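Note sheet for the following structure.
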Amino acid sequence: MRTRLVSTRVIIVASLCFLASMKLEAKTVDPYKVLGVDKNASQREIQKAFHKLSLQYHPDKNKAKSAQEKFSQINNAYDILSDEEKRKNYDMYGDVNGNPGFPGGHPGYQGGHPGFQGGHPGGRGGYTYFTEGGPGQSHFNFKSGGDWQGGSKSFSFSSGGSGGSNSFGFGLDDIFGSIFGGGAGSQFGGFGSSANTEGTSTASPQRLTSINSRIYKKEIENAGMTWILLSYRPKSASKNIQYFESTVEEVASTLQGAMKVGSINCDKEVSLCKELGMYPQNAPRIFVLSYKENEIGSLVEYSGHLVAKNLKAFVQEHLPRFSKRTNLNNLDQFSTTAKLPRVLLLSTKKDTPVIWRVLSGLFHKRIIFIDAQVDDVSDPRIKSLGVDALPSIVGWLPNGEKRVLKTGISVKDLKSAVLDLSKMLDSFVEASKKEASAQAKKAQTDPDDGRIPLLSQSNFEALCGAKAPVCIIGAFRSSKAREKLESILTLVSQKSLSRRPNGGSSSSRDSISYALLDAAKHQSFLKAFDKTGYKSSDKLLIAYKPRRGKYSVYRDEMTIEEVENFVASVLSGDIPFRETSGKAVL
């Protein structure tokens, strides 16, 4: 009699579950089917499928009534399959938390625990159940509603062999009482119902660097590297942050080495987001730190379609542009002296290559970048540089010394190319520093080595101070102008009976001293001779008599003959001198 009663109760329990399944209108939602991918699909395939479907069903673009629900399913599916742990649990148990429901989506699975029986997949709005136990006892689990991750409710009860109660403090009599009006509570209320409070996937992007004010100031601002920055607020962005973040990640994966990506939680970094003008209201916002217009960098918001291809094109447009395009006829200018070392890229590209633009940003404070298109490596102008294969990089130290840094460059990918060439440029910068240090030491031990000195505060008194009868100053505004003036004045000074050794005593033979002046840096000095500072002149000569405060200027054709005639006229007094408007001081 007792056996018959237990059997009857089991039948009723099964009926309960059937009624529950009908009540919840269960439907099987498999994340693999939602994204339309195979169970062996790679992360790349899953990501591509997610991009395509998210764009197709995004509520902002798809106004169909079912679009919102479909979009949620797509996001939930991607959340499971993009996380290796959740995917593994789902494949084994049909549950992202590792709770057995149905393994791998195959009902009727038996393994691991005797008596396991698979139910229907626990998808969105669906249910799962399993039973286990030996003869005379049964444990029944029922899970319904909710997403794959959160918001679901589970119900569980057991029937024992000799007793009708269990660890939850209720027996089958309680259930029957509820159903048939014999007990308090609703049909499913008050007997072990528990809400799963585990939330959906966190809104914070997991694969993007989390940016705060300190990191932004130290590692991003004015560093020369292009960044994609995603600003978001967790609560308002929880529904579509995955779509934004995965698009950014896809772009970053194709431009590794050329850029970096980060995210800013504007609920935590309120002041930073507002200071940068990145604070979002609802949807996340994408910004690119651009070096297209200036060396400081500026944030530019991306407002186009959220498609990887479009975002990538936008990023490439805003990569650094510190390299100056030149042609092969201007190569002579690089052999002159300069403040920073210079590097020239010779390639067949019509436009500056992405790699070179990236490097020009990383080294923009330490190296001057130039690039030129070459049609034929046998061009005599290329051969004169010592280059026999393309692409090649040629460098010049600040003193004008040329070095072939690399020829016939072969790259595996963008990331490794930027890394390898960065090491090479670091070495070149160090070599430049050593050379500059050696030059400085040499100048201290041998101040007069036959070259025309550059006028500065330290040598001004010796060259053009009150004791100097006449000082010939060659003022320049470009490296090419400097080179020409230095060459001409060196020859003229050797011909004239006037060159006075720096710091030496004056004699009838040494009545004129020579010096070069960087006009761009010493504009105030030149205003003592001309109120405009000769801004319109690329190069000129000033014959200055410090004792009398008078001067004469030569701005005509710069040839050795003409300059020599000018100096001779200064010595003979054949040219007029004017008084300065003020004291000429560096």
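Values in this document were obtained by computation on a predicted structure and should not be read as measured data.
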Pairwise disulfide (SG to SG under 2.5 Å) hits with a residue in residues 270-314, at least two apart: Cys266-Cys273
Asp371 and Arg325, any side-chain heavy atoms less than 4.5 Å apart: yes
Side-chain heavy atoms of Ile368 within contact of Phe322, under 4.5 Å: no
Leu328 side chain near Leu346 side chain, heavy-atom distance below 4.5 Å: yes
Heavy-atom pair of closest approach, residues Arg44 and Ser253: NH1-OG, 4.1 Å
Please tabulate, for side-chain N and O atoms in residues 212-225, each donor-acceptor pair with protein atoms closer than 3.5 Å (sequence neighbours left out).
{"unit_1": "Asn212", "atom_1": "OD1", "unit_2": "Arg214", "atom_2": "N", "d": "3.2"}
{"unit_1": "Asn212", "atom_1": "OD1", "unit_2": "Ile215", "atom_2": "N", "d": "2.8"}
{"unit_1": "Lys217", "atom_1": "NZ", "unit_2": "Glu275", "atom_2": "OE2", "d": "3.0"}

Check: Ser347 and Leu390 side chains under 4.5 Å, non-hydrogen atoms: no
Single hit among Leu414, Leu421, Asp420 for side chain to side chain contact (heavy atoms under 4.5 Å, CB included) with Val418: Leu414
Side-chain touch Ser392/Val404, heavy atoms, less than 4.5 angstrom: no
Heavy atoms of other groups near Lys48 NZ, more than 12 under 6.0 Å: no
Ser437 side chain vs Lys433 backbone, donor-acceptor pair below 3.5 Å: no
Under 3.5 Å donor-acceptor, Trp227 side chain and Phe287 backbone: no
Option among Leu319, Leu345, Asp351, Ile370 that satisfies the side chain to side chain contact (heavy atoms under 4.5 Å, CB included) test with Trp356: Leu345
Heavy-atom side-chain proximity of His51 to Ser246 below 4.5 angstrom: yes
Distance-minimising heavy-atom pair for Tyr90 and Pro31: OH-CD, 3.1 Å
Side-chain polar contacts of residues 296-308 - donor-acceptor pairs under 3.5 angstrom, sequence neighbours left out - could you list them?
{"unit_1": "Glu301", "atom_1": "OE1", "unit_2": "Arg285", "atom_2": "NH2", "d": "2.7"}
{"unit_1": "Glu301", "atom_1": "OE2", "unit_2": "Arg285", "atom_2": "NE", "d": "2.9"}
{"unit_1": "Tyr302", "atom_1": "OH", "unit_2": "His305", "atom_2": "O", "d": "2.4"}
{"unit_1": "His305", "atom_1": "ND1", "unit_2": "Lys61", "atom_2": "NZ", "d": "3.4"}

Separation of Ile241 CD1 from Arg233 CZ (nearest 0.5 Å): 13.0 Å
Side chain proximity check, Leu344 to Trp396, heavy atoms < 4.5 angstrom: yes
Aromatic ring pairing His58/Tyr243, orientation class (parallel under 30°, perpendicular over 60°, tilted between): tilted
Distance-only polar pair, side chains of Asp91 and Tyr32, donor-acceptor under 3.5 Å: yes
Residues, nucleotides or ligands: over 12 heavy atoms within 6.0 Å of Lys412 NZ: no
For the student: nearest non-hydrogen atoms of Leu362 and Ser422, plus distance: CD1-OG, 4.2 Å
Nearest atoms (heavy-atom pairs only) where Asn75 meets Phe71: ND2-O, 2.9 Å
Sequence neighbours excluded - side-chain hydrogen bond (donor to acceptor under 3.5 Å, both in side chains) pairs with any residue from residues 307-320: Ser290-His318, Lys292-Glu317
Sequence neighbours excluded - side-chain hydrogen bond (donor to acceptor under 3.5 Å, both in side chains) pairs with any residue from residues 360-370: Arg366-Asp426
Salt-bridge criterion met for Lys86 and Asp79 (N-O under 4.0 Å): yes
Donor-acceptor contact present, side-chain Gln523 to main-chain Gly533, <3.5 Å: yes
Pairs satisfying salt bridge (Lys or Arg N to Asp or Glu O under 4.0 Å), at least one member in residues 352-361, at least two apart: none
